[in-house]
*Asks:* 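Structure incoming, see below.
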2 protein chains.
Amino acid sequence: MKPRITLKKIAKEFGVSISTVSKALKDSHEISEETRGKIKAFADYYNYKPNSLALQLRNQKTSVIGVIIPEIVHHFFSTVINGIEQYANEKGYNVMVCLSNESYEKEVSNFTVLTNGSVDGLIVSIARETQENKVYKHFDAIISDDFPLVLFDRIIDELKCDKVIIDDIGGAHKATNHLIEIGAKRIALITTQDYITVGSLRKQGYLKALKTSGLTIEENLIYKINDTQDLYKQIEKVIQVKNPPDAILAVNEIYAAIALKIAKEKGLSIPKDIAIIGFTSGLISEFTDPSLTSVVQHGDLMGKQAAELLINRIENTAPSEYQKVVISSNLKIRKSTLSEN
Amino acid sequence: MKPRITLKKIAKEFGVSISTVSKALKDSHEISEETRGKIKAFADYYNYKPNSLALQLRNQKTSVIGVIIPEIVHHFFSTVINGIEQYANEKGYNVMVCLSNESYEKEVSNFTVLTNGSVDGLIVSIARETQENKVYKHFDAIISDDFPLVLFDRIIDELKCDKVIIDDIGGAHKATNHLIEIGAKRIALITTQDYITVGSLRKQGYLKALKTSGLTIEENLIYKINDTQDLYKQIEKVIQVKNPPDAILAVNEIYAAIALKIAKEKGLSIPKDIAIIGFTSGLISEFTDPSLTSVVQHGDLMGKQAAELLINRIENTAPSEYQKVVISSNLKIRKSTLSEN
DNA sequence: TAAAGATACGCAAACGTTTTCGTGTTCATA
DNA sequence: TATGAACACGAAAACGTTTGCGTATCTTTA
């Protein structure tokens, strides 16, 4: 790569000082019209642009936001990034994305790389492994330094920082109520392991709805899926029992789509024999047959909110108390819960 | 945010020079054991880490790769980013993602921001608008400066730089042949506008297969979709004709899924009445009913390749001629082309 | 005891910028 | 003709780091 042109080189070319060049390019009245003209023409011709590293160092500001997420090949996370990027861009920030791949170690290494001056703040959704082992010490340093930080979706309640979450309890509550309204009596829940916060929150919403409706809670209707094992086999057990449930609430789109597929294979009619709802912001629900009713998650909005909180924190326009923003979710009713009469 | 600790502050604390501190922290034998110990303990206690901006400026290297893509909420692009990130990380690079949102203007602004010293190289897939208007002048400056650049998927043939593409012709060819083998005679093609390179390449593969099989090419079986208008209405026209095709090749997953949905609504049986194949690397194809046969695109691999080419270019380990890597695609046969006898 | 060598550190340049403050020249005014 | 302002530019510090080279002090050796 050819070396880029610098103020120093331009200065040398005209036998003037670096400051003269700098001022000339900024149209300073301190520099004579003549000198200004020459310098600007030359700089223009050689396509001069200030080196942003030098500027960042001088201004002690990078205008870059770091984002650490568990994975990117996941519709929800990519909508969040989209939201972050849109808002950040409006405010003149760029986005640096790092993946933890659900690994604690990688998350920590991302932390160290990003907090060494290359970004002005951090937006994080925590890796599964980190949540499982509950080791949060990599947060200590940056929190005690008041480094701008926003957690989203998978958060840690104890940490002192801004947070954005989906109204998981409310979403699951609405979904479960909807199932009850269309006549379901025995609603199975397909959820994650307990340490995934969103899974356990959605379970709370589910339980709450059952209680207020006076339905009995059957522990054996709650299935905790292990994401590292075969999903089909695990979900098959929900349906292939002597007394199958008459409705299913799944905490994500994939679980729901698999359940639907299996139910159809077993000859069940949906929603007549069994109604199904998933959580999602993905595309699958639209194209299954029947299409899947689902709790819509508004990842874009979540990203926007997270970026807004962060930038306010960076620019010191935030209130001193940390905020917890809850993004409400709504039910998109499709055919998997819609009787055709 | 609290100000970070620097060499200067440590130096002041012990009344030594900055260089002494720097050397001590690097375990230089030039510094006495005693001084080294004190300084390292202090630095450790205050969690000193070298400011990466300063290092980047000094070393004239950021170890950051810039990526500009049309959108991120798109399974294909997110797999590519995933591939880029994995490989880049292994090699000690970080990834900065920018979105053009299919807009020429935003693409240009991303260019200017990223080529000002904040990244060592650029991986780009071109915005729709840019392809439509064929204005490539924002590439001129960086190409004549030999700035490391890799184009992928949506490329520009004339530009002198490394490129990675899917074997679009071959993929479409294989898919079309497969349709012919299962007995299709009148194969419709649902493709994009001509200026989208991947669309026109896939069309070439389609035409080639028809020719070599001796089937007649019917221009009115080729439908060019406009992405900014209602997809359903446009695709409906493919099926709702007096003499519908007996097979459909769609150049992406969404088109295929919509075609499938419409065909079912019209009472057609798939694949008996009409067989369907899509291009994809998404999740939808798996969960439609019947599941969709599709050309698998290996976005991860594409990203890895792009990152590899770029990093070789950055580190000057690449051959001087520019390379064009073709990622071969393969057919994943599912039920939309599988007669059940 | 003088010369040579080892030890332990500091200086300063370099990366590329911005900006405050100074300074030499020119011109007009009293 | 001396004084002051206006004009046009330069010096230097600052951001934080690394590193080659210089140097003062101490120790060893002949």
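Just so it is clear: chains get the letters A, B, ... in the order the sequence lines come, proteins before strands, and each one is counted from 1.
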*Asks:* Side-chain N or O of B/Lys8 versus OP1/OP2 of D/dC15: is the shortest distance under 4.0 Å?
*Replies:*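 Looking at the OP1 and OP2 atoms of D/dC15, one of them is under 4.0 Å from a side-chain N or O of B/Lys8.
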*Asks:* Between B/Lys23 and B/Asn51, who's closer to the 5' end of DNA chain D by nearest nucleotide?
*Replies:*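 Looking at the nearest nucleotide for each, B/Asn51 comes out on the 5' side.
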*Asks:* Going by distance alone, is a donor N or O of one side chain under 3.5 Å from an acceptor N or O of the other, for A/Glu85 and A/Asn89?
*Replies:*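 Result is yes, a qualifying pair exists.
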*Asks:* May I ask you to check whether A/Phe111 and A/Phe139 place their ring centres under 6.0 Å from each other?
*Replies:*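 Ring-ring flag for A/Phe139/A/Phe111: true, centres closer than 6.0 Å.
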*Asks:* Can you measure A/Gln60 atom CD to D/dA14 atom P for me and round it to whole angstrom units?
*Replies:*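 Those two atoms, CD and P, are 13 Å apart.
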*Asks:* Quick check for you: to the nearest 0.5 Å, what is the distance between A/Ser78 atom OG and B/Glu71 atom CD?
*Replies:*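 Answer rounded to 0.5 Å: 9.5 Å.
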*Asks:* Does C/dT17 have OP1 or OP2 sitting under 4.0 Å from an N or O in the side chain of A/Tyr48?
*Replies:*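 Looking at the OP1 and OP2 atoms of C/dT17, one of them is under 4.0 Å from a side-chain N or O of A/Tyr48.
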*Asks:* Are side-chain N/O atoms of A/Thr317 and A/Asn312 paired as donor and acceptor at under 3.5 Å?
*Replies:*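 Yes, A/Asn312 and A/Thr317 have a side-chain donor paired with an acceptor closer than 3.5 Å.
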*Asks:* Respond yes when some side-chain nitrogen or oxygen of B/Gln56 is under 4.0 Å from OP1 or OP2 of D/dT17, and no when none is.
*Replies:*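 Indeed not, no polar side-chain atom of B/Gln56 lies that close.
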*Asks:* Mind calculating the distance between CD (A/Glu30) and P (D/dC7) to the nearest angstrom?
*Replies:*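 So the two atoms are 12 Å apart, to the nearest Å.
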*Asks:* So how far off straight is the helix from C/dT1-D/dA30 to C/dA30-D/dT1, going by the axes through five pairs at either end, to 10°?
*Replies:*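 Angle reported: 80°, given to the nearest ten degrees.
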*Asks:* Distance check: side-chain N/O of A/Ser22 vs OP1/OP2 of C/dT17, anything under 4.0 Å?
*Replies:*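 Looking at the OP1 and OP2 atoms of C/dT17, neither is under 4.0 Å from any side-chain N or O of A/Ser22.
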*Asks:* Send over the distance from B/Leu25 CG to D/dT17 P, rounded to a whole Å.
*Replies:*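 One finds 9 Å between P of D/dT17 and CG of B/Leu25, rounded.
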*Asks:* Any side-chain N or O of A/Thr35 below 4.0 angstrom from OP1/OP2 of D/dC9?
*Replies:*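 Yes, A/Thr35 has a side-chain N/O under 4.0 Å of OP1/OP2 on D/dC9.
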*Asks:* Whole angstrom is fine here: how far is it from CD1 in A/Ile18 over to C1' in D/dA13?
*Replies:*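 After rounding, the gap between these two atoms is 13 Å.
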*Asks:* With a cut-off of 6.0 Å (strictly less than), are more than 12 heavy atoms of other residues, nucleotides or ligands near CD of B/Glu132?
*Replies:*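 Yes, because the 6.0 Å sphere around CD of B/Glu132 holds more than 12 heavy atoms from other groups.
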*Asks:* Tell me, do A/Ile314 and A/Lys61 make a side-chain contact under 4.5 Å, heavy atoms counted?
*Replies:*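 SC-SC contact between A/Ile314 and A/Lys61 confirmed.
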